[in-house]
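Inspection log for the structure reproduced underneath, given as structure tokens.
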Amino acid sequence: MNARTTNVVRIKDRLLGICLFMIWVLAASPVNAAPLINGFGTLKAPLNSTNFIDNVGARGEFFSSLTSSSTTNAFTTRYASTTGADSPAGQGTNNVTAHSSYQILASIGAATDEKWSLYLNTWRNGELNVRQDGGSTAAAIISEVVASSTGGSLSGSLALPAPVNIGALSVYAVGNEGTAASSPSLAFFDRSAAVLTGVGPSAMTLSFDWVNIAQSIVPTAGINGGDEAAVRLGLPSGIDNFTAGDYLGNRDPSRDGHFVTGALVPDARQVIQMGVIIDGSPSVAQSDFSTIISALSQSIAGRVPDNSRVELTVVQMGGGTGAIEEIMPTFIDSPSTLSAVAADVANISQNSGGGTALDVALDRMTELMTGSAFFQHPNSRQIINVISDGFPNSTSLALDARNRALAAGIDAISAELIGSGGLTFLESLVSPQPFTIAPPFPNPFKNGFVAPVSSIGDFGSVIDTKMQRIFSPIGDFDGNGMTGHSDLIEIIGSLGASVVPGTSGDSNGNGLIDGADLIAASGDVVGSIGPIGTAEDFPFDPPDGEGPEILYDPTTGDVILDTGLLGITGFYFAVDGAFDPTVFIDPFAGLESVDISPFDLGGISLSLTPLTGVHNLGAILPAGLTGSDLNDIFNQASFVGVPGTGTGAFQSMVVPEPSSCAGILLFGLMLSRGRPRNGNPDA
């Protein structure tokens, strides 16, 4: 033990004698585990136009509806409306101008100094229609969405632009003034994303406003009437015999409207954005397509976690544009959301027009995933899964789109091959390279894979195994869909345990959690999961110098690890700020690093040789930090004890300067605030 370490320990002992009881009270006190949406509501603003339907004379309409659903950590809203105008003979021009204006209000419940991030996605989907029936003309117009927020700091934008300027308005517009005998229509779709961040309890308001205009134009009152015009945003028309406002053909009114979704997601949580591209081209038999859709729906329902860890998007190759958005990016925050998404997938119908435009589908999927607020999440990963017979319209264009997806930030691409052709192309499409042929299914973020399905009857088992591999990989103890440090620590603590063969942690199915399982799980680690063992997880004993402790020296930035009398076999630290991993010192030669990065570091002893004594890990933190600083940046300090003693949090972190109780109290608060149970960082 060097002199500097000895001095830190002596100061630590004096401070502990004064503040021991206060630390114990703080660590044992119940606290709010995570920020929550305590109150939620929506309302139409005063500017929102009054509902009306006029079937007599100058016929017109505007009416709107506002619906929403919410949980304690997520919400979804939909504003739908219809605006229509028609002018029978002798009535002159009929101009219906209506405002759409509404607000979303929520109360964010959080500890006074607790940071929160609300991930927001919004989109508007609809159609403008003009129908020739009166001998004159008509026009339909919708303006840009103006958005604002209060109650936090907004990164990104919730506004939705429109491409054409008419006077002071930026709009989408369609009309037949130049070609009076025509019946034009214009579908529009725009989306944006933002992250609203704040600290402590907050009252949040999101406001949205735009203008809808439907004009049935008659130059002068006479024998001719005006044509029909409608702005369709998810509600059917109430005007009699009004074709412009009717939902006919394949357009689904439930997908039209102005939508907003929001979710409170801790930065430490791992979020998977998964996009599924389905081949709906004519080369896929209709019966095979039905089998694919049914099996995919069942696998989503059974394998995708419903605990706010997955955002799912589905695009079909087909249709007039070459790609159809079947499932917009949907955050799976509850069993009901998962059930609804699985049902929507089961109802997807094949649209074979447009061939196999894989390049268009990949570009569209990339746009949807990277345009989502969750793409900005600091701990998110992105994977696209392609289900195809392997023969796109153009292999070169598809590979170009694949490269654009990877350059935009998509982490992985995998594929299921239906039939026997196209294997070579799909092998070049998947990423990361080198590819592998499944089964067995690799970690998809380390090796792209192609899973051939020679018989369509086998597709169900293939897609289910693939989904299980992504969302319940080897060593995934906490069920968050990823294998990370918390799982490694759990496995170490369970080594030698007898289990039911094939259960979590038992990668080789031999009924034991052993070294082979640890090695398999170590190979799957893809990132930090966040806190696991804490003072709430295990019986809390006040620090007595015998249990594992860590100390911070503000004069140097050194972090000291004291293993206690029994010793430990592994440890893990994570911060919101940054360590300096270049000066990290392994406590013992031969210690295997779990991860060394600017944000997390740790080590495990594969031989289970206990680490004992007091060890300087180096000046891995900046010098001069106060207890308040450390409270802000540290989010985990956990250890694995020697066999038979379990896992837990380091019992104390002591800041020797300033030499008051404040530093220790802040660390006690840090150990107690927002701490999870049962190894789940977000329970």
Side-chain angles (χ1 to χ4, degrees), residues 121 123 189 191 193 272-284 289 292-293 296 300 310-330 345 348 350-372 374-375 380-419 421-435 438 444-445 447-453 463 466-467 470:
N121 286 315
W123 65 95
F189 172 80
R191 68 190 309 267
I272 298 178
Q273 290 181 275
M274 183 175 186
V276 180
I277 296 176
I278 307 169
D279 191 344
S281 65
S283 60
V284 177
F289 186 86
I292 290 169
I293 292 302
L296 179 62
I300 288 172
V310 177
E311 182 183 66
L312 185 66
T313 307
V314 180
V315 168
Q316 181 183 173
M317 287 183 275
T321 63
I324 305 169
E325 302 89 358
E326 300 289 0
I327 306 294
M328 289 294 293
T330 302
V345 170
I348 293 175
Q350 187 173 8
N351 194 326
S352 57
T356 313
L358 181 55
D359 57 316
V360 178
L362 278 169
D363 282 339
R364 190 71 184 116
M365 183 64 79
T366 301
E367 177 186 350
L368 291 171
M369 293 174 68
T370 60
S372 168
F374 292 104
F375 188 71
S380 67
R381 299 180 71 82
Q382 296 74 36
I383 180 170
I384 294 175
N385 184 75
V386 178
I387 303 171
S388 176
D389 60 11
F391 293 105
N393 292 350
S394 168
T395 56
S396 61
L397 290 179
L399 290 175
D400 288 344
R402 173 252 198 201
N403 293 336
R404 286 192 292 272
L406 298 178
I410 301 299
D411 294 310
I413 301 174
S414 58
E416 286 76 52
L417 172 62
I418 309 300
L423 179 61
T424 301
F425 163 71
L426 289 179
E427 289 172 347
S428 62
L429 179 79
V430 299
S431 179
Q433 294 284 339
F435 72 88
F445 296 104
N447 295 101
F449 65 84
V450 181
V453 182
I463 193 66
K466 180 260 179 66
M467 289 287 192
I470 292 177

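Both backbone and side-chain heavy atoms feed into the values below; hydrogens, waters and symmetry mates do not.
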Decide yes or no on side-chain contact (heavy atoms from CB on, under 4.5 Å) for M369 and F375, but give the supporting numbers first. CA-CA 7 Å; M369 293 174 68; F375 188 71; 5.8 Å; no
Expected output: side-chain Q433 to main-chain F435 donor-acceptor under 3.5 Å: yes
Can a side-chain donor-acceptor contact be found between E311 and S372 if the only test is distance below 3.5 angstrom? yes
Pick from N385, I387, I384: which one makes a side chain to side chain contact (heavy atoms under 4.5 Å, CB included) with S414? N385
Is there a donor-acceptor contact under 3.5 Å from the side chain of E416 to the main chain of K466? no
Mind checking whether L312 and P329 have side chains closer than 4.5 Å, heavy atoms only? no
Within this structure, what is the CE-CD distance for the pair M365 and Q273, rounded to the nearest 0.5 Å? 11.0 Å
Taking all non-hydrogen atoms of both residues, which atom of G371 and which atom of N121 are closest, and how far apart? O-OD1, 4.1 Å
Quick check for you: to the nearest 0.5 Å, what is the distance between I348 atom CD1 and I278 atom CD1? 4.5 Å
Holding to ring-ring contact (aromatic ring centres under 6.0 Å, His included), I want the full list of residues that pass it with F374, two or more places apart in sequence or in another chain. Y119, F331
Nearest heavy atoms of A401 and L362, plus distance in Å: CB-CB, 3.9 Å
Any donor-acceptor pair under 3.5 Å from N351 side chain to G280 backbone: no
Any side-chain heavy atom of T366 within less than 4.5 Å of one from R404? no
Which atoms form the tightest heavy-atom contact between W123 and R191, and what is the distance? CB-CB, 3.5 Å
To the closest 0.5 Å, what do you measure between CG (D279) and CD (Q316)? 8.5 Å
Measure the spacing between OG1 of T356 and CG of D359 and express it to the nearest 0.5 Å. 10.5 Å
List in chain and number order the residues that pass side chain to side chain contact (heavy atoms under 4.5 Å, CB included) with S431, two or more places apart in sequence or in another chain; answer none if no residue qualifies. R402, L406
Could you walk me through whether L358 and L429 pass the side-chain contact (heavy atoms from CB on, under 4.5 Å) test, one step at a time? CA-CA 11 Å; L358 181 55; L429 179 79; 4.0 Å; yes
I327 side chain near T330 side chain, heavy-atom distance below 4.5 Å: yes
Looking only at heavy atoms, the pair that brings P444 and A412 closest together is O-CB, 3.3 Å
Shortest non-hydrogen contact from Q382 toward G409: OE1-O, 3.3 Å
From L399 CG over to S394 OG, what is the distance, rounded to the nearest 0.5 angstrom? 8.5 Å
Within-4.5 Å side-chain heavy-atom neighbours: M467 and M274: yes
In the structure I gave you, are the side-chain heavy atoms of F425 and P392 within less than 4.5 Å of one another anywhere? yes
Min side-chain heavy-atom separation S281-M317 under 4.5 Å: no
Below 4.5 Å, heavy atoms only, C-beta onward: do L423 and E427 meet side chain to side chain? yes
V315 and A323 have their tightest heavy-atom pair at CG1-CB, 4.0 Å
Derivation of the side-chain contact (heavy atoms from CB on, under 4.5 Å) call for T313 and V276: CA-CA 6 Å; T313 307; V276 180; over 6 Å; no
CD1 (I410) and CD1 (I383) are apart, to the nearest 0.5 Å, by 10.0 Å
Within-4.5 Å side-chain heavy-atom neighbours: V450 and L426: yes
